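Residue numbers begin at 1 in each chain, while the letters A, B, ... track the order of the sequences. Computed from a predicted model, the values in this text were never measured in an experiment.
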Protein chains: 2
Amino acid sequence: MSPMGHCDINTTLERAGLSKTSQRVAVLTALVHAESPLSAREILQRVSGKGRINKVTVYRILASFKAGSIIREIATDHGENFFEMACRHNPTHPHFYCRACRSLSCLPSAGHQDRWLQEYRAADESIETVAINFTGLCRRCRNEIARDPAGPLQGPSGGKRSSP
Amino acid sequence: MSPMGHCDINTTLERAGLSKTSQRVAVLTALVHAESPLSAREILQRVSGKGRINKVTVYRILASFKAGSIIREIATDHGENFFEMACRHNPTHPHFYCRACRSLSCLPSAGHQDRWLQEYRAADESIETVAINFTGLCRRCRNEIARDPAGPLQGPSGGKRSSP
DNA sequence: ACGACAGATGCAACTCGTTTGCAAACAGTA
DNA sequence: TACTGTTTGCAAACGAGTTGCATCTGTCGT
């Protein structure tokens, strides 16, 4: 989907002033190769195979990456946040969040987003980021509901946790 | 700031098919009179004075209000979500979230928001809501940092929880 | 007004994402 | 190689939000 895998791991870490540890390389690699934004949990899963790494370390690495503007964080209802590369190959764009399966996907850029950021920044220099988030049901969940309207996936409202 | 207080409590509850309990009236009143979106915690505080009410009840009431399209929910990094009236006196608009004091405020509507919702809906009917969220430092926190750059409020990155 | 019943509330305990404190492991440098 | 600041792992904590269940309360029919 997104033109990923372009960013060099070493260069990226260097430019952010971060030393090259195996854990940071692993997390960054996972993010660079991700087809869509990843949650901390997903990152931990993908990285656990290669070498020993801890949940806490993942969170700390993500915090340092965000501090170095290597990645962006995308908030969702439900508390679980997602992370994606913030390199020039991946300009800011809207996201779509499925309230049923709680997956996040990227939408084509509306083009306005960075322009807005500039405009609003001029008006009030404290603004640092813009996020445009769409919510609804992804195709798969919509079909699932059509098949079983009484299932665990309710209408545009419903409970928060989908799994018991 | 926002032209609130216009919505009749009874009518609003009735139209959503919700019985008129003292707790629902209290929560709805708090939201109608709020000058900016409120978190569940803030709602609980404001409502605790008037009659007995429980945290869980607040969450359940908010869920039912959202189900009835009485309110909108605004997600933030940090997991704490905010709620605001969704009546016709308060059309959808962007929000600004201060990453330091974690307050949420309303921004003037860019006008695009509802139009976008229509357009994207046409392309993929599963989309239900759009959210436009700006992040940064509010005026107060910016000044605070200027005064004490080594204080608890770091740069555009930093940790999440501000309190110990 | 009264009584019954579905729906709403309170309480306690829980889940889950995220954070903190501290000691052990590590990287970069002298 | 020894030294020193950084990074990691572990366990425990935190806070928002949720669930199960017993109790209470609107609402509706009489």
Sequence neighbours left out, what pairs pass side-chain hydrogen bond (donor to acceptor under 3.5 Å, both in side chains) with at least one residue falling in residues 11-20 of chain B?
B/Asp8-B/Thr11, B/Asn10-B/Lys20, B/Ser19-B/Arg24

Could you check how far CZ of B/Phe82 sits from P of D/dA16, rounded to whole Å?
10 Å

Go through the structure and list residues passing side-chain contact (heavy atoms from CB on, under 4.5 Å) with A/Glu42, not counting sequence neighbours.
A/Leu38, A/Ser39, A/Phe82

Rounded interatomic separation in angstrom, taking CG from B/Leu104 and P from D/dA16:
15 Å

Gap separating the OH atom of A/Tyr120 from the CD1 atom of A/Ile127, nearest 0.5 angstrom
7.5 Å

From CG of A/Asp77 across to P of C/dC16 the rounded distance in Å is 18 Å

Just need the stems in DNA chain D: three or more back-to-back Watson-Crick or G-U pairs, each with both distances under 3.5 angstrom, sorted by first number.
C:1-30 with D:1-30

d(CD1, B/Ile43; P, D/dA16) in whole Å
13 Å

Send over the distance from B/Gln45 CD to D/dG15 P, rounded to a whole Å.
13 Å

Going 5' to 3' through nucleotides 4-10 of chain C and flagging B where a protein heavy-atom sits under 4.0 Å of the base, S where only the sugar-phosphate is that close, and - otherwise, we get ----SBB

Rounding to an integer number of Å, can you tell me how far B/Leu13 CG sits from D/dG26 C1'?
13 Å

Test of understanding: with side-chain contact (heavy atoms from CB on, under 4.5 Å), list the residues that count as partners of B/Ser126, not counting sequence neighbours.
A/Phe96, A/Leu137, A/Arg142, B/Asp124

Under the rule for side chain to side chain donor-acceptor pair (under 3.5 Å), what residues qualify as partners of A/Gln45, not counting sequence neighbours?
none

Expressed as a whole number of angstroms, how long is the span from B/His78:NE2 to D/dG17:P?
13 Å

Want to settle it: does B/Ser39 or B/Lys20 sit nearer the 5' end of DNA chain D, counting the closest nucleotide to each?
B/Ser39

Value in whole Å for how far the C1' atom of C/dG17 lies from CG of A/Asn81:
9 Å

If only side-chain N and O atoms count, and only distance matters, is there a donor-acceptor pair under 3.5 Å linking A/Thr135 with B/Thr129?
yes

Going by the rule side-chain contact (heavy atoms from CB on, under 4.5 Å), which residues pair with A/Arg140 if we only count those two or more places apart in sequence or in a different chain?
A/Cys138

Can you give me every donor-acceptor pair (side chain of residues 48-61 of chain A, partner residue at least two apart or in another chain, under 3.5 Å) with its distance?
residue	atom	partner	partner atom	Å
A/Ser48	OG	A/Leu44	O	2.6
A/Asn54	OD1	A/Val56	N	2.7

List for me each residue that meets side-chain contact (heavy atoms from CB on, under 4.5 Å) alongside B/Thr29, sequence neighbours excluded, and say none if there are none.
B/Ile9, B/Val25, B/His33

